[in-house]
Amino acid sequence: MTAVGFLYPGHSAEDDYPRIEMLLDSDVRLSVVHTDIGEDAHRVDALLEMGSPARLAAGVEELRLAGAEAVVWACTSGSFVHGPDGARDQVALLAQAAGLPASSTSFAFTQAVRDVGASRVAIAATYPDDVAAYFADFLKAADIEVVAERGSGILTAAEVGTWGREEVMALARAGDHPDADAVLLPDTALHTAAYLPELEEALGKPVLTANQVTVWEGLRLAGRRVRAKHLGTLFAGRA
C-alpha cells in the first residue's frame, strides 16, 4: 500500500481524487485534507494568504495520522504566485511541518512537462489574465517555453468547480496552439479526471491537468510509478 496526502483549499473539485484513486486500480490510497481557503478569489493578495505556512501546517497532522508517505499542496495558483523561490520556501516549510517529502501542484507541472517529453506548452487557464501570467513566468523560470497563454477571467474557485465536460473541452481547445507539445490546465478547482482521454484525443497531444499532475507528483515523491491508461499520457509510461 502506498499512501499520499494532499492539502486541498476549500471545496471545488476534490472529488477528482477518489476518482483518480479508482482509476489507478492499484494499492494506492489518496487522502485529502481541506485547508482554509480564506477569501475565495483568483487575486494575487488572496492567493498569497491562501498558501500561507499557518494554513498549510494546520492540516499536516491529519495526513500524518492517515499514514501519508508524502504530501502535496494541491493548489497551483496558491503556489506559483509566490514565484519560484517563494514556492520552494513554501514546500520546504511544508516538508518540515509534515516530516515528509513535500511538493506543490506548480512544481508537479514542471516535473510532469519534462516527464511527457514536452518543451513547449500552451496554458489554458480559468484564471484572470494577470494570474495566468504568473503561472507562465513560473514555467519559464523552469526553462519551459510557453507558446500560448489564455486566461478565462473566472474570479472564484467555486465558479470553476461548477464547470463540466463541455466547458473543460472548450477551454482546452481554446488554449491549444499548434506549436505546443502539451496543453496545461492549471486550476485544481477544475474537474478534469473524467475527461483526460477525451481531451488528449481531441487535441492530439498530452494534456496535463492540475489534479492529475498533483497525484502523479505525490506518487513520485513516494517512490511509486503507477500505470493507468485512463489518466492520460502522464500515467501511460512504464509502471
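Keep in mind that this is a model prediction, so the values were computed, not measured.
Side-chain N or O atoms of Q90 include one that pairs as donor or acceptor with a backbone N or O of G78 at under 3.5 Å. E62 places no side-chain N or O within donor-acceptor distance of the main-chain N or O of G59, the cut-off being under 3.5 Å. At distances below 3.5 Å, at least one donor-acceptor pair connects side-chain atoms of H42 with backbone N or O atoms of I154. Side chain of T76 to backbone of P186: a donor-acceptor contact under 3.5 angstrom is found. Remark: the backbone N or O of G161 is paired with a side-chain donor or acceptor of H191 at under 3.5 angstrom. Between the side chain of R29 and the main chain of A66, a donor-acceptor pair closer than 3.5 Å is present. Using a distance-only test at 3.5 Å, with no hydrogens or angles considered, no donor-acceptor pair links the side chain of D36 to the main chain of R55. Within the 3.5 Å criterion, the main-chain N or O of A136 finds no donor-acceptor partner in the side chain of E149. Although no hydrogens or angles enter the test, the distance criterion places no donor-acceptor pair under 3.5 Å between the side chain of Q111 and the main chain of A108.
Interatomic distance, E21 CD to S31 OG, rounded to the nearest 0.5 Å: 7.5 Å. Atom CZ of residue R43 and atom OG1 of residue T156 lie 12.0 Å apart, to the nearest 0.5 angstrom. To the nearest 0.5 Å, atom CG of residue L30 and atom CD of residue E14 are 13.5 Å apart. Taking OG1 of T192 as the reference point, atom CD1 of I20 lies at 6.5 Å (rounded to 0.5 Å). Note that CG of L184 is 6.0 Å distant from CG of L139, once rounded to the nearest 0.5 Å. In this structure, the separation between OG1 on T233 and CG on L208 is 8.0 Å, given to the nearest 0.5 Å.
Shown here is R150, whose CZ atom has no more than 12 heavy atoms of other residues, nucleotides or ligands within 6.0 Å. Annotation: E61, atom CD; neighbour count of heavy atoms from other residues, nucleotides and ligands within 6.0 Å is above 12.
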**Prompt:** Checking side-chain contact (heavy atoms from CB on, under 4.5 Å) for the pair V28/V215: CA distance, chi angles, key distance, verdict?
**Reply:** CA-CA 10 Å; V28 170; V215 171; over 6 Å; no
Report task. Determine, step by step, whether S26 and R224 satisfy the side-chain contact (heavy atoms from CB on, under 4.5 Å) criterion, reporting the C-alpha distance in whole Å, the side-chain angles of both residues, the deciding distance to 0.1 Å, and the verdict. Result -> CA-CA 11 Å; S26 186; R224 185 73 186 272; 3.0 Å; yes
For this session: Show your reasoning for whether side-chain contact (heavy atoms from CB on, under 4.5 Å) applies to L199 and V183.
Result: CA-CA 10 Å; L199 284 165; V183 177; over 6 Å; no
What do the steps show when you test R165 against E198 for salt bridge (Lys or Arg N to Asp or Glu O under 4.0 Å), and what is the final call? CA-CA 10 Å; R165 174 191 169 279; E198 190 175 2; 2.4 Å; yes
For this session: Report the C-alpha separation of S119 and D181 in whole Å, then their side-chain angles, then the decisive distance to 0.1 Å, and conclude whether the side chain to side chain donor-acceptor pair (under 3.5 Å) test is met.
Result: CA-CA 7 Å; S119 59; D181 302 320; 3.2 Å; yes
Next item on the list: List the steps, then state whether side-chain contact (heavy atoms from CB on, under 4.5 Å) holds for D15 with R19.
Entry: CA-CA 6 Å; D15 48 333; R19 180 184 289 273; over 6 Å; no
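Partners of H11 under the ring pair (Phe, Tyr, Trp, His ring centres under 6.0 Å) rule, at least two apart in sequence or in another chain, are H34.
Nearest heavy-atom pair, L47 versus S77, reported as atom, atom and distance to 0.1 Å: CD2-OG, 3.3 Å. Summarising the geometry of A157 relative to S12, their closest heavy-atom pair is O-OG, 3.3 Å, with the distance given to 0.1 Å. Nearest heavy atoms, L24 versus A228: CD2-CB, 4.1 Å. Shortest non-hydrogen contact noted between G5 and A68 is N-CB, 3.7 Å. Here the shortest heavy-atom pairing between A70 and L221 reads CB-CB, 3.7 Å. A148 and G175 get closest at one heavy-atom pair: CB-O, 4.2 Å.
Within the 4.5 Å cutoff, the side chain of D16 has no heavy atoms near those of the T188 side chain. Residues V213 and E217 have side chains not in contact (no heavy-atom distance under 4.5 Å, counting atoms from C-beta outward). Residues V146 and F135 fail the side-chain proximity criterion, which asks for heavy atoms closer than 4.5 Å. Using a 4.5 Å heavy-atom threshold, the side chains of V60 and V71 count as separate. At least one side-chain heavy atom of L48 sits less than 4.5 Å from a side-chain heavy atom of H82. Annotation: side chain of P206 is not in contact with side chain of L234 (no heavy-atom distance under 4.5 Å). By the 4.5 Å heavy-atom criterion applied to side chains, T209 and L190 are not counted as neighbours. Looking only at side-chain heavy atoms (C-beta outward), F235 and R225 stay at 4.5 Å or farther from each other.
Residues L93 and F6 do not share a hydrophobic cluster, defined by chaining ILVMFWY side chains whose heavy atoms lie under 4.5 Å apart. In terms of hydrophobic clustering, with Ile, Leu, Val, Met, Phe, Trp and Tyr side chains grouped at heavy-atom distances under 4.5 Å, I123 and V44 are assigned to a common cluster. Residues L155 and W163 fall into different hydrophobic clusters, defined by Ile, Leu, Val, Met, Phe, Trp and Tyr side chains chained together at heavy-atom separations under 4.5 Å. Transitive grouping of hydrophobic side chains (ILVMFWY, heavy atoms separated by less than 4.5 Å) keeps L203 and L231 in distinct clusters. Hydrophobic clustering (side-chain heavy atoms under 4.5 Å, transitive across Ile, Leu, Val, Met, Phe, Trp, Tyr) groups V32 together with W216.
Between F80 and the choices Y127, F109, W73, F107, the ring-ring contact (aromatic ring centres under 6.0 Å, His included) rule is met once, by Y127.
Contacts classified as salt bridge (charged side-chain N to carboxylate O under 4.0 Å, His left out) and involving residues 169-180 (residues at least two apart or in different chains) are given here: D176-K205.
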